[in-house]
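See below for the structure under consideration.
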Amino acid sequence: MDLVVRNVRLRGMDEPCDIGIVGEVIRRIEPRLAGACEREIDGDGGLAIPSFVDSHSHLDKSMMIYQSPPAVSGTITESLARSYVAKRSSSVADVVARGRQALEWAVANGTGAIRVHSDVDFGWGTTGVEGLLELKRMFAGLVDLQVLVLPAANPLNDELRALVRRGMDLGADAIGGSPHLEHSPAGVARYVDFVFAIAKEYDVDVDLHIDQNTEAASDTRGAEVVLAKTLTEGYEGRVTLNHWGALSAYPEDEAARVIELAKEARINFCACPKEELIISGMGPSRIKQLVAAGVNCAYAHNNNADMFSPYGRMDMLEAGLFTLHAGEFNTMTDAETVMDMGTVNPARIMGLGRYGIAEGATANLNVLSAPSAYEAFRQNADRRYVIRRGRLVAETTTRTKLHFDVAGA
Ligand SMILES: [Zn+2]
């Protein structure tokens with residue numbers, strides 16, 4: 001073995017075990033691996049999990065809060081307007097510098113794959129896409145980045161369509177969008193048609209912001225349009241819907257019907273509660289119902305210190321704690337569901353192969369300073385050891401020393 005991680009717990013297993021790694025691959029998992037290895041790590045009974053997967057991120061705008069006008073109303077409309085102002089003075093080098101800082105935090109916090117939505121609009125052009133593709137090269141081997149083109153202006157016109165194609169031609173991995181921001185039902189339909197045409201032309205996945213409000217009766221509601229299109233185009237399993245706050249406002253019977261349709265279309269769903277709770281009028285979706293229906297559900301960190309979410313440090317355990325609260329996941333075993341939503345479920349969305357802690361899988365894993373998923377979220381456990389492709393890339397140990405005595409103790 002090239003590296004042995006000793007004395008760790010795996011989810012669903014009672015007894016601690018050792019993980020033996022050869023090169024970039026997990027070769028053996030046993031209660032006690034015999035023989036000494038030159039490089040050993042003592043997991044101290046902590047939980048070992050595969051790298052976090054953050055399937056919805058706006059890394060192009062990470063740390064942009066310092067470049068934008070201050071918030072007044074806190075609405076999504078205002079956040080979008082502030083982002084257009086900030087993007088005007090942001091170059092490719094600026095995207096790379098801000099993104100690099102965020103990705104270093106992501107690595108330290110145990111995130112191994114991120115799907116990034118990159119704005120494409122008239123003022124910024126493909127600056128964001130270019131910066132993110134450069135970051136993808138820089139961080140190869142540390143974080144697997146998938147870069148999406150997000151048409152970030154409405155209504156969608158021919159000039160924006162051309163910009164989207166330019167972004168795709170640069171090497172983007174998938175197509176994003178926000179159909180509900182169109183100005184009419186016909187505009188929503190045209191937008192969705194265009195997104196699917198690009199997806200089929202470039203053979204990429206569709207990953208859309210959808211109905212980011214709490215208006216069940218909006219004229220530009222997009223979810224059902226996308227679900228129908230997914231079925232007619234035979235794109236089942238390749239479409240992800242994000243946010244979807246409006247679903248929470250549907251009457252119960254209508255929500256149940258649409259969730260059933262989402263299941264039939266094998267839609268993935270990604271919640272971003274860190275943003276949904278802080279932007280006025282957005283609100284989280286019916287996360288728990290979607291999970292219960294068997295829809296592949298993930299949560300994501302989303303924005304990081306920008307116009308949409310002023311807080312963040314690229315920490316998926318922290319984002320998971322928001323998900324537990326926003327989704328009313330209030331039992332200890334619910335923590336297992338949400339841990340899946342930050343690991344194996346988004347790995348399916350991103351199509352990551354050889355993912356997980358198993359013999360033969362790529363050795364991308366975190367050893368936490370807590371023994372279970374519940375304790376990991378409760379304590380915001382240290383990522384004691386972060387291993388990427390068999391290599392130790394980060395370690396963190398938080399120490400607190402108490403300088404007082406308790407009376408009567
Ligand atoms: Zn987003």
Side-chain angles (χ1 to χ4, degrees), residues 53-65 68 74-84 86-87 95 98-99 102 106 111 113-121 124 128-129 132 145-154 164 167 172-182 191 195 205-214 222-223 226 239-247 267-285 287 297-312 314 316 319 322-323 326 341-342 346 349-350:
V53 179
D54 188 358
S55 66
H56 184 118
S57 171
H58 292 271
L59 201 63
D60 57 341
K61 296 187 283 295
S62 178
M63 306 300 288
M64 223 179 201
I65 193 167
S68 94
T75 61
I76 185 82
T77 307
E78 180 193 73
S79 300
L80 286 163
R82 290 167 65 216
S83 76
Y84 294 130
K87 283 185 285 189
V95 174
R98 288 184 288 98
T111 298
I114 308 177
R115 181 176 270 190
V116 187
H117 297 247
S118 178
D119 286 9
V120 166
D121 61 45
W124 215 28
V129 179
L132 291 168
L145 284 186
Q146 290 181 357
V147 178
L148 277 70
V149 171
L150 170 61
N154 302 88
V164 168
D173 302 288
I175 178 73
S178 303
H180 59 285
L181 296 180
E182 285 294 296
Y191 191 108
V195 164
D205 288 355
V206 171
D207 198 321
L208 296 170
H209 293 69
I210 203 77
D211 303 339
Q212 291 173 272
N213 50 56
T214 49
V226 176
V239 177
T240 300
L241 298 181
N242 303 272
H243 300 292
W244 206 359
L247 185 64
I267 292 288
N268 302 299
F269 169 68
C270 183
C272 307
K274 202 168 70 60
E275 177 181 339
E276 287 142 11
L277 292 171
I278 204 165
I279 291 205
S280 305
M282 188 181 286
S285 190
I287 306 172
C297 292
Y299 73 82
H301 189 281
N302 200 10
N303 298 83
N304 185 66
D306 68 7
M307 295 67 62
F308 299 85
S309 180
Y311 298 97
M314 303 298 285
M316 285 289 284
F322 279 93
T323 307
M341 291 173 65
I349 291 176
M350 290 185 65

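We count ligands from 1, going down the list as the structure has it; atoms in each ligand are counted the same way.
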- Would you confirm whether Asp211, through its side chain, and Gly222, through its main-chain N or O, come within 3.5 Å as a donor-acceptor pair?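 Side chain of Asp211 to backbone of Gly222: a pair is present.
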- Task: Measure from the Zn ion (ligand 1) to each N, O or S atom of Cys272 and report whether any distance is below 2.8 Å.
- Result: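 Not a single backbone or side-chain N, O or S atom of Cys272 is under 2.8 Å from the Zn ion (ligand 1).
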- Message: Does this structure show an ion pair linking Asp205 with Arg115, if we count only N-O contacts that are shorter than 4.0 Å?
- Response: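 Salt bridge flag = yes for Arg115 with Asp205.
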- Give a yes-or-no answer on whether the side chains of His56 and His301 include a donor-acceptor pair shorter than 3.5 Å.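 There is no such pair (donor and acceptor under 3.5 Å, judged by atom type) between the side chains of His56 and His301.
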- If you measure only the distance, is there a donor-acceptor pair under 3.5 Å linking the side chains of Asn304 and Ser62?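 Per modelled atom types, Asn304 and Ser62 side chains form a pair under 3.5 Å.
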- Query: If you stand at the Zn ion (ligand 1) and look out to NE2 of His209 and NE2 of His58, what angle do those two lines make, to 10°?
  - Reply: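 The two atoms subtend 100° at the Zn ion (ligand 1).
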- Task: Output the atom name for the N/O/S atom of His56 with the smallest distance to the Zn ion (ligand 1).
- Result: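 That would be atom NE2.
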